[in-house]
Amino acid sequence: MTGLIADAKERVYSKVGGFRGRPGSEFGSAVLALLLFTEVATSMVGAETVYFISLVVAWMVLPAVVGLRNVLDAGCYFMLVSLGIVLVVDVAHHGPGSLLT
């Protein structure tokens, strides 16, 4: 039982599975959260150019946050969240029938 607990602790605090301990990761995460908030605001207002710029900036920030090895995975997750933002805001503005057209 002690071996299992020690093994679990090693996995939780390992640097292999995540980006803990990377300098500036908290700042980068805050920037990505701010960019997601910007996407929500620009989607609600209808400012497509600012929305696109926030996507480009997010792709430029991702390597600094997650490292070059995980950029594509993190980018795919970020783009899925961005697509979800667009869908939710569209449904909120035009109703559920807007998904059918």
Side-chain angles (χ1 to χ4, degrees):
M1 180 82 170
T2 321
L4 292 175
I5 294 173
D7 186 39
K9 285 183 181 178
E10 287 176 12
R11 275 188 272 136
V12 170
Y13 296 110
S14 170
K15 291 185 183 179
V16 175
F19 53 90
R20 289 185 201 168
R22 182 182 300 272
S25 64
E26 294 86 13
F27 177 72
S29 297
V31 169
L32 288 176
L34 181 65
L35 288 170
L36 283 174
F37 180 73
T38 303
E39 287 182 13
V40 172
T42 57
S43 293
M44 290 171 57
V45 175
E48 292 89 7
T49 305
V50 179
Y51 183 84
F52 177 73
I53 290 171
S54 68
L55 283 177
V56 171
V57 170
W59 274 100
M60 292 181 353
V61 170
L62 276 174
V65 175
V66 297
L68 289 176
R69 240 177 110 182
N70 299 322
V71 165
L72 290 179
D73 290 337
C76 287
Y77 290 134
F78 191 85
M79 295 305 287
L80 284 173
V81 170
S82 298
L83 178 63
I85 288 170
V86 170
L87 289 175
V88 167
V89 169
D90 190 48
V91 168
H93 275 192
H94 304 292
S98 66
L99 295 175
L100 300 175
T101 57

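Scope of the values below: all heavy atoms of this structure, side chains included, with no hydrogens, waters or symmetry mates. Note that the numbering runs from 1 along the sequence shown for the chain.
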For [X] and [Y], work out which heavy atoms get closest and say how close.
{"X": "Leu68", "Y": "Pro63", "value": "CD2-CB, 3.9 Å"}
{"X": "Ser54", "Y": "Thr38", "value": "CB-CG2, 4.3 Å"}
{"X": "Ser43", "Y": "Ile85", "value": "OG-CG2, 4.0 Å"}
{"X": "Leu36", "Y": "Val81", "value": "CD2-CG1, 3.7 Å"}
{"X": "Tyr51", "Y": "Val86", "value": "OH-CG2, 3.2 Å"}
{"X": "Met79", "Y": "Leu55", "value": "SD-CD2, 3.9 Å"}

Please say yes or no: joined through hydrophobic side-chain contacts below 4.5 Å, possibly via intermediate residues, are [X] and [Y] part of one cluster?
{"X": "Val71", "Y": "Leu80", "result": "no"}
{"X": "Val61", "Y": "Trp59", "result": "yes"}
{"X": "Leu35", "Y": "Val89", "result": "yes"}
{"X": "Phe78", "Y": "Ile53", "result": "yes"}

Discussion item. Between Leu62 and Asn70, is there a side-chain heavy-atom distance shorter than 4.5 Å?
Written reply: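 Of all side-chain heavy-atom pairs linking Leu62 with Asn70, none is under 4.5 Å.
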Worksheet item: Thr42 versus Phe52: any side-chain heavy-atom pair under 4.5 Å?
Response: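 Not in contact.
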Worksheet entry | For Asp73, side-chain hydrogen bond (donor to acceptor under 3.5 Å, both in side chains) partners two or more places apart |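 Residues passing side-chain hydrogen bond (donor to acceptor under 3.5 Å, both in side chains) with Asp73: none at all.
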Worksheet entry | By side-chain hydrogen bond (donor to acceptor under 3.5 Å, both in side chains) - contacts of Ser82 (at least two apart) |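 If we apply the side-chain hydrogen bond (donor to acceptor under 3.5 Å, both in side chains) test to Ser82, skipping adjacent residues, the hits are Glu39.
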